[in-house]
Amino acid sequence: MHFTKAFKEREDLITDLAEAGLKIPNHARALGFLTRVGYHRSGAYRYVFRELLPADQINAAMREYRAATYMTGASIDHVITLEEFDMKLARICLDGTLDFEIRLRASIAHALARLDPAAHLDRNCLDTAKCNTLIPRSQPPQTKFQAWKRTVDRAIGSAKPEEDFVAHHLAKYPSQPLPVWAVTELLSFGSLPYLFELMKSADARAVANDFGFMHPAPFGKVVRAVADLRNYCAHGSRLFNRHFKRAQSIAPRHTAGPLLDHVSTPGYSRTSTESKRLYINAAVLAFMLRSHSEPSDWPARFRDHILSFSLPLITPDGHRVVTPELDMGFPASWNTKLLWQ
């Protein structure tokens with residue numbers, strides 16, 4: 001099969017970058033960078049340093065907004081700085097989502113276990129109407145409860161050979177299902193929202209309250225957004241200028257206290273589609289970890305890393321090429337907000 005773009009060795013790619021106007025102060029460092037991350041991945045970080053196309057040359061359908069040449073002063077060192085900042089940012093955010101995930105597992109298990117050790121498999125302990133809801137376009141037709149039970153069975157089946165606590169329970173108590181506090185440890189983060197959504201309103205509210213949310217519905221949406229953030233981080237996807245797939249919308253009535261009030265009104269940042277940018281996702285995560293009864297140092301670690309960001313290159317119109325405020329949805333003077341104190 002013929003491809004328009006042919007394979008090139010890294011040395012040739014560095015030559016192409018230099019010819020396009022990207023400075024290469026240290027050839028060995030540039031080669032090491034491309035060897036570590038790959039040319040294609042580096043493009044996500046090089047892109048912001050390319051010159052903007054004139055308005056009459058932009059092709060929105062083809063996502064063509066920038067020229068192949070680089071702006072004056074742009075260097076491979078700038079690209080490396082941005083990539084290293086972003087990768088550390090992903091590691092910090094992954095740590096925060098893991099902290100939240102563990103707390104969420106414990107909260108759900110506690111709320112259900114007080115009803116029955118096998119509450120996760122008992123419709124009487126769950127919301128009957130939600131359990132009986134048919135999943136749209138499922139073939140053959142199945143209810144949410146039926147799908148949930150299959151999720152549990154798959155989690156137990158895949159864990160049985162290697163998790164001693166599963167094998168022990170099945171051997172010693174063969175007539176008893178695995179209790180909910182064990183099942184929640186087996187579920188993937190992405191499966192937790194399915195159980196949460198089947199819980200009775202009062203029980204789901206108790207879980208939401210543990211993380212500063214007043215109502216289960218907005219909290220359930222936030223949990224899915226945190227799972228998305230976790231997946232982006234775990235797979236090494238860039239964060240600094242990402243459009244997240246789920247828009248976050250937080251109203252003052254959704255949460256206890258004023259810590260998220262500054263993101264409740266549209267226009268809180270200079271970034272387009274601010275509801276799908278990093279800041280609101282990180283702010284909500286910080287809020288939930290701060291609201292939990294056991295403290296977390298994650299909000300301070302996140303804040304300090306963002307404040308450490310420095311990329312001094314200036315665009316022809318006088319703006320910094322990349323800033324948290326323009327690219328990540330951060331409000332002006334965000335670090336003075338009560339949430340980050």
Side-chain angles (χ1 to χ4, degrees), residues 91-128 130-131 135 142-200 202-211 213 216 219-220 222-236 285 288-289 291-298:
R91 290 192 292 272
I92 290 172
C93 288
L94 182 60
D95 194 32
T97 62
L98 176 60
D99 191 352
F100 171 74
E101 177 184 350
I102 292 171
R103 294 167 191 250
L104 179 63
R105 292 180 189 277
S107 182
I108 291 175
H110 184 81
L112 288 176
R114 71 197 315 169
L115 304 176
D116 188 276
H120 60 296
L121 299 176
D122 187 346
R123 292 171 185 264
N124 294 322
C125 296
L126 302 172
D127 186 298
T128 304
K130 293 177 182 176
C131 286
I135 298 176
Q142 62 176 330
T143 65
K144 289 187 175 182
F145 184 72
Q146 290 171 325
W148 161 246
K149 287 186 68 176
R150 275 193 283 274
T151 297
V152 173
D153 290 341
R154 285 194 298 269
I156 294 174
S158 61
K160 191 187 307 181
E162 55 196 36
E163 290 288 3
D164 288 344
F165 72 89
V166 176
H168 168 78
H169 179 91
L170 297 178
K172 190 168 184 177
Y173 311 105
S175 64
Q176 300 176 23
L178 201 67
V180 64
W181 55 80
V183 168
T184 52
E185 289 299 311
L186 299 178
L187 296 172
S188 68
F189 191 0
S191 296
L192 286 175
Y194 293 109
L195 176 56
F196 178 78
E197 290 172 2
L198 294 181
M199 294 171 68
K200 290 182 178 180
D203 301 318
R205 182 175 289 107
V207 173
N209 290 169
D210 282 348
F211 299 95
F213 273 77
F219 178 72
V222 163
V223 170
R224 291 188 179 278
V226 175
D228 291 342
L229 174 60
R230 180 263 175 203
N231 290 338
Y232 286 130
C233 296
H235 295 290
L285 179 57
M288 293 190 294
L289 292 175
S291 298
H292 196 268
S293 59
E294 287 299 308
S296 169
D297 67 349
W298 185 82

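No side-chain heavy atom of Y173 sits less than 4.5 Å from a side-chain heavy atom of L178. Using a 4.5 Å heavy-atom threshold, the side chains of F211 and L104 count as touching. Side-chain contact between L94 and T97 is present, with heavy atoms from C-beta onward closer than 4.5 Å. For the pair V207 and F213, the minimum side-chain heavy-atom distance is 4.5 Å or more. At a threshold of 4.5 Å between non-hydrogen side-chain atoms, the residues L186 and V166 count as touching.
R123 CZ: more than 12 foreign heavy atoms inside a 6.0 Å radius. For D297, the CG atom counts as densely surrounded, since its 6.0 Å shell holds more than 12 non-hydrogen atoms of other residues, nucleotides or ligands. Counting non-hydrogen atoms of neighbouring residues, nucleotides and ligands closer than 6.0 angstrom, the NZ atom of K149 reaches no more than 12 such neighbours.
N209 contributes a side-chain N or O that, together with a main-chain N or O of R205, makes up a donor-acceptor pair within less than 3.5 Å. At least one donor-acceptor pair closer than 3.5 Å links the side chain of H169 to the backbone N or O of Q176. Judged purely by atom type and a 3.5 angstrom limit, T128 has no side-chain atom pairing as donor or acceptor with the backbone of N124. A donor-acceptor pair under 3.5 Å links the side-chain atoms of R105 to the main chain of L187, judged by distance alone.
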Original post:
Between M199 and D203, does a side-chain contact (heavy atoms from CB on, under 4.5 Å) hold up when you go through it step by step?
Top reply: CA-CA 6 Å; M199 294 171 68; D203 301 318; 3.8 Å; yes
**OP:** Would you check, one step at a time, whether the test side-chain contact (heavy atoms from CB on, under 4.5 Å) holds for L126 with K200?
**Re:** CA-CA 5 Å; L126 302 172; K200 290 182 178 180; 5.5 Å; no
**OP:** Begin from the C-alpha positions of T143 and I135 and carry the test side-chain contact (heavy atoms from CB on, under 4.5 Å) through to its verdict.
**Re:** CA-CA 6 Å; T143 65; I135 298 176; over 6 Å; no
**OP:** Applying side-chain contact (heavy atoms from CB on, under 4.5 Å), run through Y232 and C93 and close with a yes or a no.
**Re:** CA-CA 10 Å; Y232 286 130; C93 288; over 6 Å; no
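The shortest non-hydrogen separation linking V180 to A109 is CG1-O, 3.9 Å. Nearest heavy-atom pair across F100 and L285 is CB-CD1, 3.7 Å. The shortest heavy-atom contact between L289 and G96 is CD1-O, 4.0 Å. Nearest heavy-atom pair across I108 and L192 is CD1-O, 4.4 Å. The two atoms that bring A204 and P216 nearest to each other are CB-CB, 3.8 Å, heavy atoms only. Closest approach of I92 to W298, counting heavy atoms only: O-NE1, 2.7 Å.
Here A119 pairs with L112, L115, D116, C125 under the side-chain contact (heavy atoms from CB on, under 4.5 Å) rule; sequence neighbours left out.
Cation-pi check for R224 over Y194 is met; the charged atom lies under 6.0 angstrom from the ring centroid and within 45 degrees of its normal.
With rounding to the nearest 0.5 Å, the separation of CG in L195 from NE2 in H120 is 8.0 Å. For the atom pair NZ of K130 and CH2 of W148, the computed distance is 14.0 Å after rounding to the nearest 0.5 Å. Here the CZ atom belonging to F145 is positioned 6.0 Å from the CG atom belonging to L121, to the nearest 0.5 angstrom. The SG atom of C131 sits 11.5 Å away from the CD atom of E197 when rounded to the nearest 0.5 Å. Note: E294 CD to I102 CD1 = 13.0 Å, rounded to the nearest 0.5 Å. Here OG of S296 is found 11.5 Å from CE of M288. Values are rounded to the nearest 0.5 Å.
The aromatic rings of F219 and F196 lie perpendicular to each other, with more than 60° between the two planes, well past the 30° mark.
Ion pairing of D99 with R103 is present here, as a side-chain N (NZ or NE/NH1/NH2) and a carboxylate O approach within less than 4.0 Å.
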